[in-house]
Amino acid sequence: MEKFVINIGRQLGSGGRTVGEIIARRLDIRLYDKELINLAARESGICPEIFEKADEKESRGMLSTMIGYLRAPFAGDDAGMTNILSNDALFKIQSDVIRKVAAEEPAVFVGRCADYILRENPRCVNVFITADDEDRCRRICARQGCTPAEAQDLMERVDARRASYYNYYSSRTWGVASTYHLCVNSSVLGDEGTADFILEFAARKLHEKF
C-alpha cells in the first residue's frame with residue numbers, strides 16, 4: 001500500500017477525533033492530533049507548552065510580536081517566548097513536521113490545517129466532519145461534565161477559533177464544502193458508520209483496497 005494521508009477537519013463535538021481513531025485503527029496507521037505538538041517540540045527543541053499555547057490559534061501579527069519582545073526581550077517565561085517566536089513561526093515548524101510525517105508513512109491528521117499544508121500531495125483525502133447540534137452538545141456534556149448551555153458556548157467559541165486559525169493560514173474557508181473532498185454529518189451514521197463511509201470514499205479516491 002502506497003503512502004497516503006486522510007486529513008480530518010471537524011466541528012467541536014462532532015466526533016471527528018473518534019472517527020479518526022477508528023480509521024487509524026482499522027488501517028493500522030498512526031493518528032496525529034495533539035501528538036504533533038510533541039513532535040514539533042522535539043524537532044525544534046522548543047518546549048511543548050509553547051506550541052500548546054499557540055495551538056490552532058492564528059497569528060496576532062508582527063506588531064504584537066514586536067511589542068511582546070520589547071516588553072520582555074530576555075524573559076524566560078512561556079508568554080515572552082511565544083511572542084518572540086510568533087504563532088506564524090510555530091505554524092511553520094508544525095507544517096514542516098506534518099510534511100515530514102506524510103513523506104514517511106501513511107497517516108491520519110486531525111485539524112492543524114493539514115489539508116492545506118499537504119495541498120500539493122495527490123495522495124490526500126480531505127474530510128470535514130459535522131454533526132447535529134443536539135448530538136454535539138450531548139457529547140461535550142458527557143466529556144466535560146458541563147451543562148448544555150456551557151456546551152453550546154464552548155461549541156461556538158472553539159469552532160470560531162478553529163475557523164479563524166484555518167482561514168488565516170489557508171486563505172480558504174473552514175467548514176465550507178468546496179474546501180474539502182468530502183463533508184459528512186456523523187449524526188446520520190454514527191461514529192463507526194461515518195468511519196466506514198470515509199474509508200469507502202478514500203479507497204475509491206486513492207484507488208486502494210482497505
Side-chain angles (χ1 to χ4, degrees), residues 6-25 31-38 40 48-61 64 78-79 82 87-88 90-91 94 98 108-117 125-199 201-202:
I6 297 176
N7 299 308
I8 297 177
R10 75 286 185 220
Q11 288 183 311
L12 184 69
S14 66
R17 163 88 192 199
T18 302
V19 171
E21 289 172 342
I22 294 168
I23 291 171
R25 184 176 67 248
L31 177 141
Y32 292 89
D33 184 1
K34 295 287 185 182
E35 297 81 1
L36 286 169
I37 290 174
N38 292 327
E49 290 76 16
I50 291 174
F51 285 95
E52 287 172 2
K53 289 193 175 192
D55 189 29
E56 291 197 304
K57 298 183 183 73
E58 79 278 13
S59 174
R60 289 173 295 177
S64 63
D78 289 348
T82 301
N87 289 1
D88 286 348
L90 297 174
F91 178 81
Q94 190 165 261
I98 289 171
V108 176
F109 289 106
V110 178
R112 275 124 196 116
C113 278
D115 61 317
Y116 176 73
I117 292 164
V125 178
N126 302 324
V127 181
F128 189 84
I129 299 178
T130 183
D132 296 345
D133 281 356
E134 296 81 2
D135 291 333
R136 295 173 63 199
C137 188
R138 186 162 46 249
R139 193 189 293 262
I140 293 168
C141 287
R143 186 172 62 209
Q144 302 285 348
C146 61
T147 67
E150 289 170 334
Q152 184 66 40
D153 178 65
L154 188 62
M155 283 162 49
E156 292 173 0
R157 285 190 290 109
V158 172
D159 281 356
R161 189 188 75 203
R162 288 176 178 173
S164 181
Y165 174 88
Y166 184 89
N167 297 350
Y168 175 84
Y169 285 111
S170 73
S171 300
R172 299 178 180 179
T173 306
W174 183 85
V176 170
S178 58
T179 300
Y180 309 91
H181 297 129
L182 176 69
C183 294
V184 57
N185 185 327
S186 63
S187 294
V188 177
L189 300 174
D191 294 346
E192 294 284 347
T194 299
D196 288 337
F197 187 71
I198 293 171
L199 281 169
F201 178 88

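Computation of the quantities below employed the complete heavy-atom set of this structure, encompassing side-chain atoms and omitting hydrogens, waters and symmetry-equivalent molecules. All figures in this text were calculated on a predicted structure; none of them were measured in a lab.
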To the nearest 0.5 Å, what is the distance between [atom1] on [X] and [atom2] on [Y]?
X: E134; Y: Q152; atom1: CD; atom2: CD; value: 9.0 Å
X: L12; Y: D159; atom1: CG; atom2: CG; value: 6.0 Å
X: I8; Y: L31; atom1: CD1; atom2: CG; value: 7.0 Å
X: D133; Y: S14; atom1: CG; atom2: OG; value: 11.0 Å
X: H181; Y: I6; atom1: NE2; atom2: CD1; value: 12.0 Å
X: T18; Y: D191; atom1: OG1; atom2: CG; value: 5.5 Å

Checking [X] side chain against [Y] main chain: does a donor-acceptor pair fall under 3.5 Å?
X: S170; Y: Y116; value: no
X: S186; Y: T130; value: yes
X: D33; Y: G111; value: no
X: N185; Y: S187; value: yes
X: R136; Y: A131; value: no

Does the side chain of [X] reach to within under 4.5 Å of the side chain of [Y], using non-hydrogen atoms?
X: F197; Y: L182; result: yes
X: N126; Y: F109; result: no
X: Y166; Y: D115; result: yes
X: Q11; Y: R162; result: no
X: I129; Y: I198; result: yes
X: L154; Y: I140; result: yes

Inset, instruction - Verify the ring-centre separation between Y169 and Y165: is it less than 6.0 angstrom? - result: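 Aromatic pair counts; centres sit under 6.0 Å.
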
Legend entry - Stepwise salt bridge (Lys or Arg N to Asp or Glu O under 4.0 Å) check, R17 with E21: CA-CA 6 Å; R17 163 88 192 199; E21 289 172 342; 2.9 Å; yes

If every non-hydrogen atom of [X] is compared with every non-hydrogen atom of [Y], which pair is closest and at what distance?
X: L199; Y: I23; value: CD2-CG2, 3.8 Å
X: C137; Y: A151; value: SG-CB, 3.7 Å
X: R10; Y: V110; value: NE-CG1, 3.4 Å
X: R172; Y: N167; value: O-OD1, 3.0 Å

Legend entry - Selection residues 125-151 - residue pairs positive for ring pair (Phe, Tyr, Trp, His ring centres under 6.0 Å), sequence neighbours left out: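 Only F128-W174, F128-Y180 qualify under ring pair (Phe, Tyr, Trp, His ring centres under 6.0 Å).
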
Legend entry - More than 12 heavy atoms of other groups within 6.0 Å of F201 CZ: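 Atom CZ in F201 is packed in, count exceeds 12.
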
